[in-house]
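Below: the structure, in structure tokens.
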Amino acid sequence: MLEIIRIERKRILGIKVFLVFLAIVVLFSAYSVYSMLRSYEVPGSAGIAVTWHENLSHAKADRQKTQIDRELLNLMRQQEGGFTYVDERNLEELVAANYGGKSIGDLSDEDISSFYLRRLSNIRAMLEESQVIRYTQKEIEQFMQHAGQVSEIPFGYAEGWKVLNDGMNVFVPVLLILISVLLLPLFGIDPKSNMTELYRSTKYGKVPLDHARVLAAYIIGAFLYLSGIVLHFVIKMAPFGLIGWNQCIQSNVKTFFSLYNITNLQQFLLNVMIGLAALLFVVSFLLFVTVIMEKIMTSAVIFVFFWILLLLFEQMYLWPVNHYFANFMPLRMTSFSHYYVGNEIYRVFGSSLSCMKWCVLVAVLLSGILLAATIGWEKVKRKKGLY
């Protein structure tokens, strides 16, 4: 079995193919970093007034071991002129989100004193006024209990982690599609390789060969996924640094109202684990399609149509479709931000489960069903001589 897996691994993932894979990841990550760094440049009348390096350096030096409190808000309120640097703009965005668009300069003493109470009030209003989910009073109180655990929000430098976690919504789906393309020839038959297929089936037996290919698919997929994540992490974090890994995610305006009391590092690890569950589904679905259709091009067409369909669902924003179908599919699963701010729940056997837990569980279950169907179809073809 191990020998067959090694042979299939070399057939699918040779050195040249792996280097091409790494090159694509590098190019994608480098372009993403370049685009983000450009957004930190502050234009002036004579060109660039503040470079991205100066902007980030100012944030690192100016926001060491600070937190959002009365003193910081009062200090920023007294600052004359507009906000130039990223740390100042970040705080301005948090204030605008918490106070219905108000700027820091418009805050009263009462506003400043009630920053965290205002955040809790906004969260309660979001839950009670939700148009898609009718929460019970018990569920609302449980949510508010979680929200109340964030009583202080550190406001140190954490730009790298914000950029990394926000960008995974795009990078992970691209990574899954790239891995799928590389795995297509595993079961898909190319007319030029029919003799090779016959030879290997004769030498090793069709059953061991099929089982080895299934294992090889998951092993290769996991290896490529983790390799891509590590490489992307290194490139994305290089210009920003690792500072801020232990800062809570509520310091990011996109997750300011999140009920998850977790750090930036924990959010990244959760994203990686959810991405692994999505990868498991993608590989299982790919195996099922290629075993049924057999031909590589036919399987590729179906797979492309599947992703286009998921993209359409993502663009339409139909809550019932997302809630009962798209949430369990790889594209919506790897749109990580909705887990932390959507407060979406599933009621299962009288219990309320978070969207994150239930989607991962269902995706793994669907992967098992697809794998069982794949193995079952291979068994049927062997019995009926359909090869």
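From a predicted model like this one, the values you see are computed outputs, not experimental measurements.
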Donor-acceptor under 3.5 Å (Ser121 side chain, Leu117 main chain):
no
Decide yes or no on side-chain contact (heavy atoms from CB on, under 4.5 Å) for Leu37 and Phe240, but give the supporting numbers first.
CA-CA 9 Å; Leu37 292 178; Phe240 296 96; 3.7 Å; yes
Backbone of Ser258 reached by a side-chain donor or acceptor of Thr255 within 3.5 Å:
no
May I ask you to decide whether Arg134 forms a salt bridge with Glu139, counting only side-chain N to carboxylate O separations under 4.0 Å?
no
Short side-chain to backbone donor-acceptor contact, Glu54 and Thr51, under 3.5 Å:
yes
Assess whether salt bridge (Lys or Arg N to Asp or Glu O under 4.0 Å) is satisfied between Glu129 and Arg124, documenting all intermediate values.
CA-CA 8 Å; Glu129 298 171 8; Arg124 180 177 288 275; over 6 Å; no
Between the main-chain N or O of Asn322 and the side-chain N or O of Asn327, is there a donor-acceptor pair closer than 3.5 Å?
yes
Identify whether the distance between the nearest side-chain nitrogen and carboxylate oxygen of Asp111 and Arg70 falls below 4.0 Å.
no
Can you confirm if the aromatic rings of Phe233 and Trp161 lie within a centre distance of less than 6.0 Å?
yes
Verify, without hydrogens or angle tests, whether Ser130 (side chain) and Met126 (backbone) share a donor-acceptor contact under 3.5 angstrom.
no
Can you find a heavy atom in the side chain of Val341 that is under 4.5 Å from one in the side chain of Lys254?
no
Are Lys162 and Glu159 ion-paired here, with the side-chain N under 4.0 Å from a carboxylate O?
yes
Other cluster members, Val42 - Ile/Leu/Val/Met/Phe/Trp/Tyr, side-chain contacts below 4.5 Å
Val50, Tyr85
After noting the C-alpha distance and the side-chain angles of Val362 and Trp358, does the key distance pass the side-chain contact (heavy atoms from CB on, under 4.5 Å) rule?
CA-CA 6 Å; Val362 171; Trp358 185 243; 3.5 Å; yes
For the aromatic rings, using the six-membered ring if either is Trp, is the centroid distance between Tyr346 and Phe328 under 6.0 Å?
yes
Between Ala278 and Met333, what is the shortest heavy-atom contact and its length?
N-CE, 3.9 Å
In Å and rounded to the nearest 0.5 Å, what is the CD1 to CD distance from Ile140 to Gln137?
5.0 Å
Determine whether a donor-acceptor pair (N or O, by modelled atom type, separation under 3.5 Å) exists between the side chain of Arg77 and the backbone of Leu107.
yes
Determine, step by step, whether Asn271 and Tyr340 satisfy the side chain to side chain donor-acceptor pair (under 3.5 Å) criterion, reporting the C-alpha distance in whole Å, the side-chain angles of both residues, the deciding distance to 0.1 Å, and the verdict.
CA-CA 11 Å; Asn271 291 345; Tyr340 305 104; 2.8 Å; yes
Any side-chain heavy-atom pair of Leu72 and Gln67 under 4.5 Å
no
State the CZ-CD1 distance between Phe18 and Ile220, to the nearest 0.5 angstrom.
11.5 Å
I'd like to know if the side chain of Tyr339 pairs up with that of Glu344 as donor and acceptor (distance under 3.5 Å, no hydrogens or angles considered).
no
Nearest atoms (heavy-atom pairs only) where Glu41 meets Pro43
O-CD, 3.6 Å
Indicate whether the side chain of Gln247 and that of Asn264 have a donor and an acceptor atom separated by less than 3.5 Å.
no
Value rounded to 0.5 Å, distance of NZ in Lys236 from CD1 in Ile229:
10.5 Å
Locate the shortest heavy-atom distance separating Pro173 from Thr334; write the atom from each residue and the value.
CG-OG1, 3.2 Å
Ile104 backbone acceptor or donor facing Glu92 side chain under 3.5 Å:
yes
Tell me whether the rings of Phe325 and Phe313 are parallel (<30°), tilted (30 to 60°) or perpendicular (>60°).
perpendicular
If we only count heavy atoms from C-beta on, is the Ser39 to Trp52 side-chain gap below 4.5 Å?
no
Testing the 3.5 Å rule here: is there a donor-acceptor pair between the side chains of Gln145 and Gln149?
no
Report yes if the side chains of Ile179 and Leu279 come closer than 4.5 Å at any heavy-atom pair, otherwise no.
yes
Side-chain contact, heavy-atom cut-off 4.5 Å: Phe336 with Val172?
yes
What are the two closest heavy atoms between Leu184 and Ala300, and how far apart are they?
CD1-CB, 3.8 Å
Measure the spacing between CG of Leu127 and CD of Glu141 and express it to the nearest 0.5 Å.
10.0 Å
Check which hydrophobic residues are tied to Tyr31 through side-chain heavy-atom contacts below 4.5 Å, counting indirect links as well, and list them.
none
Please examine the side chains of Met36 and Val33, heavy atoms only from C-beta on, and report whether any two atoms are closer than 4.5 Å.
no
Determine the sole option in Tyr135, Phe257, Tyr260 for which the ring-ring contact (aromatic ring centres under 6.0 Å, His included) test with Phe143 is passed.
Tyr135
Leu287 backbone acceptor or donor facing Thr290 side chain under 3.5 Å:
yes
Scanning both residues in full, the closest heavy-atom pair of Val150 with Tyr116 reads O-CD2, 4.3 Å
Given side-chain contact (heavy atoms from CB on, under 4.5 Å), test Phe21 with Val17 step by step and report yes or no.
CA-CA 6 Å; Phe21 169 81; Val17 174; 5.6 Å; no
How far apart are the C-alpha atoms of Asn261 and Gln266, what are their side-chain angles, what is the distance that settles it, and do they pass the side-chain contact (heavy atoms from CB on, under 4.5 Å) test?
CA-CA 10 Å; Asn261 186 17; Gln266 289 172 322; over 6 Å; no
What is the distance from atom CD1 of Ile235 to atom CG of Leu164, rounded to the nearest 0.5 Å?
12.0 Å
Would you say Asn98 and Arg118 are linked by a side-chain donor-acceptor pair, where the criterion is simply a distance under 3.5 Å?
no
Rounded to the nearest 0.5 Å, what separation is found between the CG atom of Leu182 and the CG atom of Leu178?
5.0 Å
Closest non-hydrogen atom pair between Ala147 and Ile123, with its separation:
CB-CD1, 3.8 Å
Minimum side-chain heavy-atom gap Asn246-Leu265 below 4.5 Å
no
How about Phe288 and Leu371: do any of their side-chain heavy atoms sit closer than 4.5 Å?
no
Does Val86 offer a backbone N or O that forms a donor-acceptor pair with the side chain of Asn55 under 3.5 Å?
yes
State whether Phe256 and Arg119 meet the cation-pi test: NZ (Lys) or CZ (Arg) under 6.0 Å from the six-membered ring centroid, and within 45° of the perpendicular axis.
yes
Classify the ring geometry between Phe306 and Phe303 as parallel (under 30°), tilted (30 to 60°) or perpendicular (over 60°).
tilted
